[in-house]
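One structure is given below, encoded as structure tokens.
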Amino acid sequence: QVQLVESGGGLVQAGDSLRLSCAGSGRTFSSSAMGWFRQAPGKAREFVAFINWDGGHTVYAGSVKGRFTISRDNAKNTVYLQMNSLKPEDTAVYYCARKSPGADVATQRGYDYWGQGTQVTVSS
């Protein structure tokens with residue numbers, strides 16, 4: 001069983017930065033690949049970023065590449081999403097999730113455990 005708890009969301013202005021955290025529990029967290037997704041009002045949940053178990057491989061959605069950075073600290077069982085140069089279109093609930101072994105990186109069904117989400121609102 002894996003439990004994931006996101007934090008760090010909030011209300012910011014365009015151009016500001018935020019760092020989201022995802023604290024995980026369970027013995028397998030440090031050996032699990034992880035991802036961040038987001039869901040804006042009225043829209044489908046979409047892939048944001050992926051990181052493999054040791055942080056050596058990352059993947060980003062085109063809309064955030066160059067602005068967002070995913071990282072992890074396995075000693076703290078935590079995955080981070082550093083978000084810079086935020087835009088109003090980044091407004092969404094952000095979720096972290098654990099990727100199932102062998103599953104696709106960028107699709108929701110490839111992830112088996114999800115956090116409850118944290119709201120990020122970017123004003124113009």
Side-chain angles (χ1 to χ4, degrees):
Q1 186 80 11
V2 175
Q3 291 184 319
L4 303 171
V5 179
E6 301 95 336
S7 61
L11 172 62
V12 297
Q13 293 186 330
D16 285 352
S17 298
L18 272 178
R19 188 177 79 158
L20 306 183
S21 298
C22 171
S25 64
R27 293 181 299 164
T28 61
F29 182 89
S30 62
S31 61
S32 298
M34 301 292 296
W36 285 96
F37 287 74
R38 67 185 182 186
Q39 187 166 19
K43 295 188 177 181
R45 192 172 298 187
E46 64 175 2
F47 169 76
V48 175
F50 161 85
I51 189 166
N52 75 331
W53 72 275
D54 67 354
H57 178 56
T58 57
V59 178
Y60 296 92
S63 59
V64 306
K65 197 169 186 178
R67 299 188 298 122
F68 290 12
T69 302
I70 188 171
S71 62
R72 66 190 300 160
D73 184 341
N74 284 340
K76 296 182 179 179
N77 272 13
T78 302
V79 174
Y80 303 99
L81 186 67
Q82 177 67 43
M83 306 185 296
N84 298 331
S85 302
L86 282 162
K87 305 175 181 180
E89 51 263 44
D90 295 318
T91 294
V93 178
Y94 283 71
Y95 300 88
C96 70
R98 189 189 78 164
K99 194 179 82 67
S100 303
D104 183 79
V105 165
T107 58
Q108 291 186 61
R109 59 179 174 270
Y111 292 76
D112 53 7
Y113 290 96
W114 293 79
Q116 83 291 347
T118 186
Q119 175 71 47
V120 172
T121 303
V122 184
S123 63
S124 58

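Count residues from 1 along the sequence.
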Is there a donor-acceptor pair closer than 3.5 Å between any side-chain N or O of [X] and the backbone N or O of [Y]?
X	Y	answer
Q82	T69	no
R67	S85	yes
N74	N77	no

For V48 and L81, what are the C-alpha separation, side-chain angles and deciding distance, and is it a side chain to side chain contact (heavy atoms under 4.5 Å, CB included)?
CA-CA 10 Å; V48 175; L81 186 67; 4.1 Å; yes
Is the shortest side-chain N to carboxylate O distance from D90 to R38 below 4.0 Å?
yes
Between [atom1] on residue [X] and [atom2] on residue [Y], distance to nearest 0.5 Å:
X	Y	atom1	atom2	result
Q108	R45	CD	CZ	5.0 Å
Q1	T28	CD	OG1	10.0 Å
W53	S31	CH2	OG	8.5 Å
F37	E46	CZ	CD	10.0 Å

Which pair of heavy atoms, one from [X] and one from [Y], lies closest together, and at what distance?
X	Y	result
K99	G110	CG-O, 3.3 Å
A61	F47	CB-O, 3.4 Å
S32	R98	OG-CD, 3.2 Å

If you count heavy atoms of other groups shown closer than 6.0 angstrom to CD of Q119, is the number above 12?
yes
Polar side chain donor-acceptor pair, E89 to T91, under 3.5 angstrom:
no
Does R72 count as lying over the ring of F29, i.e. NZ or CZ under 6.0 Å from the six-ring centre, within 45 degrees of the axis?
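Satisfied, under 6.0 Å and within 45°.
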Would you mind writing out the side-chain donor-acceptor pairs for residues 13-23 within the sub-3.5 Å range, not counting sequence neighbours?
residue	atom	partner	partner atom	Å
D16	OD2	Q13	N	3.1
S17	OG	N84	OD1	2.9

With Y95 as reference, evaluate Y111, W114, W36 under the side-chain contact (heavy atoms from CB on, under 4.5 Å) test and give the passing residue.
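Among Y111, W114, W36, the one that satisfies the side-chain contact (heavy atoms from CB on, under 4.5 Å) with Y95 is W114.
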